[in-house]
Amino acid sequence: ELKNLTSQYNISIYAIGGFVRDLLLGQSNYDLDIVVEGDIQLVISKIIDKWQSKVITHPQFGTSEILLNDRKRIDIATARIEYYEEPGSLPKVERSSLWLDLKRRDFTINALAMSLNEENFGEIIDLYGGLEDLTRKELRVLHNLSFIEDPTRILRGVRLEVRLGFNFEEKTFKLLKEAIENGFLNKIAKERLKDEIFLILQEPQPEKVLKRLEELNALSYILPVKRLPKNFEKKNQILRREFPEKLELHILNIISEADTEEGKKWLQDLKFPKKVLYQFILLKKYENTNTLSEKDIKSLLDLPNDLLLLLSLTAKKIGKNILRIKLLKEKGVPYLKGEDLINMGFKGKIIGDLLKKLFLKHYYGEVKSKEDEEKIIKE
Ligand code: CTP
């Protein structure tokens, strides 16, 4: 469809970046980045007509996002403004705006473009040797200052290294290590850092990315810890399996061994919701607790299952007990519900107390069935 537009309206369209990289690697990618040279509004309106999609424009960046169905997205960048001022020199500006776009990129494998134009559809534009690096499975920066100019590229690089199973090219790796050692990760603005951390968590293997960052001594610049917690990989996989969407829970696991004050400060600096801060404090409270009192059990009962699972993984001595509370809650004990107790003639606050008492009996293994519960209530 885009190809037809290019011949009809004298427009050039190129796919660029991760989409081209993944296409050449035979991997799926739902985000298509295109550079349009010519009337971008026309391209946008044609896409909307064709696929009834939603558009978000970012005028400050000269880009638009088109959201298609099935999670698919098209990011469109416009040609530079000079194009409109000098329509006579179209071919020259056309070329240079694509070049400029590619020149600003992080790694050679992300600086490939593919023509979507009728006359040479599918042709790869490879200005920096990205095709060769793709076959060598190497990540290579376009210039020596790449990580310094934008230190988030350190994190992007490690994500790609793990996700694609690539290696850093020798000189790039040296530059990466130097940028880390010289503290450039500290320069990432808090808001962006938070985004980058969430991107790590959404990788297919976030544990491996974090392990690699630990190995590179990069963790302490982005998190309130130098090392990952004990058995981190296993714990995080359990959390991801049971609660894949709860990324804040995964973060709490990662920082679970942080010093309490440092952890709190980090969560506040990165503007996590208050709820997350309280959950971190709770986690630290139970971290070294030796025994659970009845009062503890009653208050733990009010917590959501995701948090109980996390606590069961981070509380060193009473993890099993907390897990037991979670499992019992899931089983739906007590079997007697509030209305059963009302029918038995109970009223008011006592109902809640009785239900908690029944729960405790389950917790200590003293009751197994509804009949056992009824017997206790009668007594
Ligand atoms: N980019 C960059 N420096 C950054 C962020 C992005 O050079 N700090 C460039 C990269 O070349 C990337 C492109 O912008 O290819 C688009 O960024 P994004 O959509 O975030 O990345 P993708 O490469 O599509 O990677 P992913 O598969 O992780 O989405």
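Ligands are counted one by one from 1 in listed order, and the atoms in each one are counted from 1 as well.
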Do side-chain atoms of H250 reach the backbone of F243 as a donor and acceptor pair under 3.5 angstrom?
yes

Is the distance from the ring center of H143 to that of Y128 below 6.0 Å?
no

Donor-acceptor pair between N110 and R21 side chains, under 3.5 angstrom:
yes

Could you point out which residue of L176, D106, V158 forms a side-chain contact (heavy atoms from CB on, under 4.5 Å) with R153?
D106

At a 4.0 angstrom heavy-atom cut-off, what protein residues surround ligand 1?
G17, G18, R21, D33, R104, R105, D106, N110, D150, T152, R153, R156, R159, R163, R192

Given 3.5 Å as the limit, does a donor-acceptor pair link the side chain of S115 with the main chain of N117, or not?
yes

Name all residues meeting the side-chain contact (heavy atoms from CB on, under 4.5 Å) criterion together with R324; count only those two or more places apart in sequence or in a different chain, and write none if there are none.
L328, Y363

